[in-house]
Amino acid sequence: MSCKFLIASAIGLALLGCSDHQASTEVTNAKLEGAHLDTSKAVQVTEHKQTTFSGHDKTNIVFILIDDLSHYGVTAYGANRLHSYDGEFTNKAFSTPNIDALAKSGLRVDNAFAYPICENTRIALMSGKNNDRNYLKPKSQHASDITFGDAFQKAGYTTGLFGKWKQTRGTKEIPAEKYISEFGWDDYAAFDVITEGQRFINPNLVINGVEQNYNGRTDVDPQTGRRWYGPDIVNRHALRFIEENRDKPFFLYYPMMLVHDDHKPTPDTQPNSIFDEFPETAQYNNEGGDDRQYFPDMIEYMDKLIGKVVDKIEQQGLRENTLIVVMGDNGTKETFGHVLADGSIYPGRKGGNADNGLHVPLVLNMPKVIPANQDGTYRSYDGLVNLTDIYPTIAEAADIEMPMAEQVDGISFWPQAKGASGEPRQHIYTWFIGNNTYKDADDVGIVYAFNKNFKRYAPSKEFPQGRFFDLRSDLLEREGDKVVNAKWGIKRFSGLPLDTLTAEQRAGYELLGKVLDDNRLVPVTSLTIISDSDKLEVGQVTQLSSQVLPTKAKR
């Protein structure tokens, strides 16, 4: 008999014996009574009400995710020039005035970290869980995963997703174009759903369950008089969503297509003929429709589109009861570098697990709630923020519950955003398998923990003794006499010899070792589904609970 339900995440794939592990029947509000619980990670709700023009007193959430940009790709972080390692430009000036304005009138987070590539980040962002709980393989997010879309939808919010999806290709029962709805989205216009296709000129999109393929079109966009441009199309859907929902609470998730390759001119690239005549399809490696000289233009157009979202919120009278969050999903592509004020270059390294693969921009803005410096400088938060912290933070800001909050690894820093002292997160733990499957984790998995000073990697096939780095003097992790040349040109260094550590380094090594041990992946040995009835009539609803052993099991 095929299994018709799955319990998500904390027990993960414990039910893979079912006939189809992507079964889509929802089981909501299941209570994982025997699962590993950490009540300190549950959101702490604080009341927040505010007079607005929107017809309701709830907090709207707008979460914007930039694709492939390190923190130095936002000029609020102190770098405004770009370097091309393949000779397309050097010291190329750029600016992000709209994001900078949000940071200056809100909060700039200086130590925000993601996964090294986008899909791993997106799974963790939407669920608030580290990848070792629920990341299976590329394009296979499970319908039973409870996402921030689910949580806001359940709380009565209208939810919209506009931009890059990438996280699934659907199931046997539900095709990819419909499967997005399984994750809590009422309204969506998304790229990379059925297939990746094209994102920029004449893109492949899915709009509310209907494929919209612009490939090969020769007509022009009537709103711009130019060629159809994917980022413009989804941006207009986001603006429409704001306008249509101005009188009710909404959650807008805007995972942008920019600034990911392929690299193409934007509608603002001058002269206009460059965009109007540029090849529609692309080859990579700076060839045939992928031209890296336009990377600075792409950053500035990304910022321009964010400005349109902010302007629409202003126009609709929603500014004071809308929290805007802008974040990056991973580091800048390795073909580019960020030129710092002293002339040194911070290299991009998307895909790498050092700082330049993980360190991303993060800005929060909500007038009269998130304070700003009054002297024109940026107010910054220096505490560690992991990408899993976004979900509990926006949930606390909106005063909504997180279903199965005990499974969420993120920690809210909403009090700190509003000005409270302290740093709720003391370290970040990461389990990363890249574009591989969880079955290959023993061969390819990279597991590490770090704080502001030190970083420790768990033992792996490449480095059986593990690795250790002092981030204060070796931020990009280039210490060590052994180097492993990995995929995408990534170099992994062996780190400090353990017999040379100072007392302070040794203390950091031991502390992070405990973090790794506390988070080790423990397999499920026993799973019991508990129900008042073993038989249901069509349309009947019942509450299920479960017991998982051992209690520290994650998957």
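Along the sequence shown, residues are numbered consecutively beginning with 1.
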Kindly determine whether N286 and D86 satisfy side chain to side chain contact (heavy atoms under 4.5 Å, CB included), including the steps that lead there. CA-CA 9 Å; N286 216 19; D86 47 18; 3.9 Å; yes

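- Judged by distance alone, the side chains of T75 and T96 do bring a donor and an acceptor atom under 3.5 Å apart.
- In this model, no donor atom of one side chain and acceptor atom of the other lie less than 3.5 Å apart for N453 and D470.
- A donor and an acceptor atom, one from each side chain of S412 and E396, are located under 3.5 Å apart.
- The residue from N330, N130, V360, N353 that alone fulfils the side chain to side chain contact (heavy atoms under 4.5 Å, CB included) condition with Y115 is N130.
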So M302 and I66, side chain to side chain contact (heavy atoms under 4.5 Å, CB included) or not? Walk me through it. CA-CA 8 Å; M302 170 273 297; I66 306 167; 3.9 Å; yes

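- Contact check for I299 versus L82: side-chain heavy atoms found under the 4.5 Å cut-off.
- When each of K491, K455, R492 is paired with E477, the side chain to side chain contact (heavy atoms under 4.5 Å, CB included) condition holds for K455 and for no other.
- Using a 4.0 Å cut-off between a side-chain N of Lys or Arg and a carboxylate O of Asp or Glu, K164 and E196 do not qualify as a salt bridge.
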Could you check K452 against L471 for side chain to side chain contact (heavy atoms under 4.5 Å, CB included), going step by step and ending with a plain yes or no? CA-CA 7 Å; K452 293 182 185 179; L471 301 179; over 6 Å; no

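- A ring-ring contact (aromatic ring centres under 6.0 Å, His included) with Y253 is found for one member of F162, W185, F152 and no other, namely W185.
- Here the rule is ring-ring contact (aromatic ring centres under 6.0 Å, His included) with F251, and of Y157, F148, Y391 only F148 fits it.
- Partners of F113 by ring-ring contact (aromatic ring centres under 6.0 Å, His included), not counting sequence neighbours, listed by chain and number: H359, F450.
- Counting non-hydrogen atoms of other residues, nucleotides and ligands closer than 6.0 Å to CG of D517 gives a total above 12.
- Within the 4.5 Å cutoff, no side-chain heavy atoms of L496 are placed close to those of L498.
- The shortest side-chain heavy-atom distance between T59 and D399 does not fall under the 4.5 Å cut-off.
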